[in-house]
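Okay, structure first, notes after.
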Amino acid sequence: MFLLDVILQKQRIQSSSTFCAGCSPPSPLPLPLPVFFRLAWLLVATGEHLRLCPQDYTCCSSQMEETLALQSERDFLKAIEDNSQFLLTTFTQRHRRFDEFFRELIDISEKSMSQMFTKTYGRLFTQNAHIFQELFVEFRRYYSGGSVSLTEVLSDFWSRLVEKVFSLVNPQYQFSDDYLECVSKHAEQLQPFGDVPRKLRVQVSRAFIAARALSQALATGRDIVNKVTKLTADSECVRGLMRQWYCPLCRGLPSVRPCHSLCLNVMKGCLANQADLDTEWNNFIDALYQVSEKLEGPFNMELAADSISVKVSEAIMHMQENSVSISSKVFQGCGNPRPAPARSKRSPKESGGSRRPFRTYTPEEKPTTAAGTNLDRLVTELKERLRPMRGFWVSLPHTICNDEKIAADVTNEERCWNGQTRGRYLPDVTGDGLVSQINNPEVEVDIARPDVRTRQLIMELRVATNKLRHAQSGQDMDFMDSEEGSSGSGGGDPDERYSDDWTGYRPYLPPYVKQPRNPASSPAKPPRGRDRNGSKWSRNNGHGRVQSAAGALSSRSPHPLLCLPFVLTVAPLWR
């Protein structure tokens with residue numbers, strides 16, 4: 001009876017397909033019985049020519065075995081691709097949506113500032129709008145991954161703004177470039193804009209750092225999943241795959257599935273390197289989750305983008321309201337300026353028709369939600385998809401073997417394929433990872449030679465995780481060595497909160513993250529000077545004061561506030 005089954009199975013292979021599985025039963029053989037048995041002895045081989053399957057009676061030739069081995073590899077890679085599709089889709093779609101959202105937030109913030117300041121200050125703003133446009137150009141460069149220091153960008157912006165506003169609040173005087181440079185260099189001591197520059201730096205820097213880190217990490221996750229799923233199976237893995245999936249077919253048992261434990265051993269041997277990603281992968285997912293919570297809470301990018309024009313407006317109003325005292329201190333430190341010619345004095349018409357101070361938004365002027373959604377919704381959706389990603393690579397063998405099309409159910413241990421015949425699989429299931437495969441009975445793994453590509457992926461995960469962890473405390477790894485203080489572009493203490501600036505958001509501390517604190521004894525870095533001979537900082541000094549503002553300060557002013565070292569830089573005057 002077994003011989004007849006083998007002959008029928010052989011006919012299925014030759015008449016309908018190279019593969020035995022899924023073929024319909026053949027019709028009764030229209031041959032005389034003696035001829036039938038003579039053909040049977042010709043078609044049935046002893047199995048001695050097979051390299052992968054057991055050496056026993058078989059309906060497979062060596063060529064068929066080779067073809068089935070290639071098919072088993074394709075089936076394996078397809079199983080990995082199908083089960084990791086959730087990861088790839090999540091990272092790809094979430095990256096695209098967050099990226100579009102963050103970029104549109106920046107665009108809306110710039111547009112809102114332009115509309116607000118044009119309506120309020122008229123031609124005085126539109127003639128000098130490039131100062132604000134350049135600020136947003138730098139914001140976009142930073143978010144896109146450019147080598148941009150947000151602290152320096154904002155410092156330069158305030159330096160240029162203080163020169164222009166100082167000229168506007170003192171239209172009766174004519175200021176040389178050197179004089180305005182003296183004003184900007186002492187802006188940090190004078191604090192003409194109050195505490196607004198610090199607040200804006202904290203809000204914008206930390207939000208932009210977190211937004212960029214999240215966007216880059218989502219792209220990294222997408223690329224890593226792509227690389228892991230493209231790893232090929234080695235010869236020993238293919239041998240194990242063939243033995244569990246297609247050797248039953250060659251034995252005339254096409255409907256028998258591999259035992260569940262047999263499948264696990266084969267998959268753990270084939271996916272040993274992927275399982276070694278587990279620790280760094282989980283750290284990466286945790287860091288992504290924590291940064292997304294920061295964006296949802298104190299590092300809210302929506303509120304930070306909305307605050308830019310509001311804070312700049314508050315700063316200008318503060319300087320206008322305190323212009324007399326600020327100007328008096330400047331005149332003491334930098335010297336008395338020359339009166340402006342009468343024809344140069346600005347009339348209300350020339351100033352844009354109004355001397356109204358800048359103001360903040362009214363509720364109806366606030367920008368609309370970007371990209372048809374909001375940050376809370378995007379973060380909530382992302383967190384829901386991140387949770388099941390932990391432990392993905394180490395649990396992948398179980399995920400694959402739990403598919404009833406790939407392996408038998410755990411309750412069917414007596415009638416499954418055990419690698420030799422139909423029956424219970426006796427060996428124990430091995431552990432996870434490369435080292436645990438030393439005793440794997442199904443796949444021979446060289447534990448002394450870790451996969452180079454997998455080691456590279458582990459390093460990529462570590463780098464991405466470190467960036468995310470620094471972003472949680474407002475630090476940008478690219479500028480940690482160059483920024484003043486020890487907290488990077490975020491500035492200030494990592495635990496510094498600003499719930500007073502953003503109503504509705506309380507100070508935030510994740511329950512499972514211990515925030516680092518900078519030691520109080522950390523020495524501050526000395527202020528960095530600017531090279532005025534460079535192209536960016538050069539000025540035309542063909543007119544104005546012969547004596548530099550710095551010289552005037554050192555020789556004339558006993559005022560203690562203006563005798564401190566220069567700490568701010570100067571940028572080209574609005575023209």
Ring-plane angle category for F91 and F284, please: parallel below 30°, perpendicular beyond 60°, tilted otherwise.
tilted

Where does the angle between the aromatic ring planes of F132 and F157 fall among parallel (under 30°), tilted (30 to 60°) and perpendicular (over 60°)?
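Perpendicular: the ring planes of F132 and F157 meet at over 60°.
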
Can you give me the closest heavy-atom contact between [X] and [Y], atom names plus distance?
X    : Y    : value
V379 : S292 : CG1-O, 3.3 Å
F117 : S313 : CZ-N, 3.9 Å
S215 : H95  : O-CD2, 3.0 Å
L386 : I285 : O-CG2, 3.5 Å
A315 : F193 : O-CD2, 3.2 Å
A408 : C416 : CB-CB, 3.8 Å

Does [X] reach the main-chain N or O of [Y] with its side chain, forming a donor-acceptor pair under 3.5 Å?
X    : Y    : answer
W245 : I406 : yes
W393 : A272 : no
S109 : I106 : no
N440 : V445 : no
T92  : T89  : no
K311 : V196 : no
E65  : C53  : yes

Sorted by chain and residue number, the side chain to side chain contact (heavy atoms under 4.5 Å, CB included) partners of R455 (sequence neighbours excluded) come out as N273, D276, P450, I458

Test disulfide (SG to SG under 2.5 Å) applied to C263 and C401, step by step:
CA-CA 6 Å; C263 179; C401 293; 2.1 Å; yes

Answer whether the closest heavy-atom distance between the side chains of [X] and [Y] falls below 4.5 Å.
X    : Y    : result
F392 : V225 : no
V312 : M113 : yes
W158 : L135 : no
R385 : F86  : yes
K294 : Q290 : no
Q437 : T430 : yes
Q274 : T454 : no
K119 : Q115 : no

Going through the distances and angles, do E110 and R140 end up as a salt bridge (charged side-chain N to carboxylate O under 4.0 Å, His left out)?
CA-CA 11 Å; E110 181 179 19; R140 291 187 183 92; 2.5 Å; yes

Look at [X] together with [Y] and state whether they make a salt bridge at an N to O cut-off of under 4.0 Å.
X    : Y    : answer
D409 : R257 : no
R97  : E381 : yes
E138 : R141 : yes
D99  : R96  : no

Worked verdict on D75 versus K78 for salt bridge (charged side-chain N to carboxylate O under 4.0 Å, His left out)
CA-CA 5 Å; D75 293 343; K78 183 66 164 53; over 6 Å; no

For atom CD of E66, is the number of surrounding heavy atoms from other residues, nucleotides or ligands below 6.0 Å larger than 12?
no

More than 12 foreign heavy atoms under 6.0 Å from CD1 of I447: is that the case here?
yes

Rounded at 0.5 Å granularity, tell me how far [atom1] in [X] sits from [atom2] in [Y].
X    : Y    : atom1 : atom2 : value
I224 : T229 : CD1   : OG1   : 11.5 Å
L303 : L295 : CG    : CG    : 11.0 Å
L253 : C247 : CG    : SG    : 11.0 Å
I400 : M267 : CD1   : CE    : 5.0 Å
C259 : N412 : SG    : CG    : 8.0 Å
E404 : H260 : CD    : NE2   : 12.0 Å

Before giving the answer on salt bridge (charged side-chain N to carboxylate O under 4.0 Å, His left out), spell out for D286 and R390 the whole-Å C-alpha distance, their side-chain angles and the decisive distance to 0.1 Å.
CA-CA 8 Å; D286 290 344; R390 293 191 88 260; 2.9 Å; yes

Are Q244 and Y425 close enough, and set up right, to give a side-chain hydrogen bond (donor to acceptor under 3.5 Å, both in side chains), and what steps lead you there?
CA-CA 11 Å; Q244 75 162 351; Y425 182 76; over 6 Å; no

Distance-only side-chain donor-acceptor flag, [X] / [Y], under 3.5 Å:
X    : Y    : answer
D195 : H318 : no
S144 : R103 : yes
S149 : Y142 : no
R453 : Q456 : no

Would you check, one step at a time, whether the test salt bridge (charged side-chain N to carboxylate O under 4.0 Å, His left out) holds for E296 with K383?
CA-CA 11 Å; E296 191 179 33; K383 291 195 298 184; 3.0 Å; yes

Going through the checks in order, is the side chain to side chain contact (heavy atoms under 4.5 Å, CB included) test met by R469 and N283?
CA-CA 10 Å; R469 285 175 174 170; N283 292 338; 3.7 Å; yes

What donor-acceptor contacts under 3.5 angstrom involve side-chain atoms of residues 459-466, with partners at least two apart or in another chain?
from, atom 1, to, atom 2, distance (Å)
E460, OE1, K227, NZ, 3.3
E460, OE2, K227, NZ, 3.1
R462, NE, E280, OE2, 3.0
T465, OG1, L461, O, 2.7
N466, ND2, R462, O, 3.3

How would you list all residue pairs meeting ring pair (Phe, Tyr, Trp, His ring centres under 6.0 Å) that involve residues 195-238, not counting sequence neighbours?
F139-F208

Check against side-chain hydrogen bond (donor to acceptor under 3.5 Å, both in side chains), R201 and S155
CA-CA 9 Å; R201 175 178 56 81; S155 178; over 6 Å; no

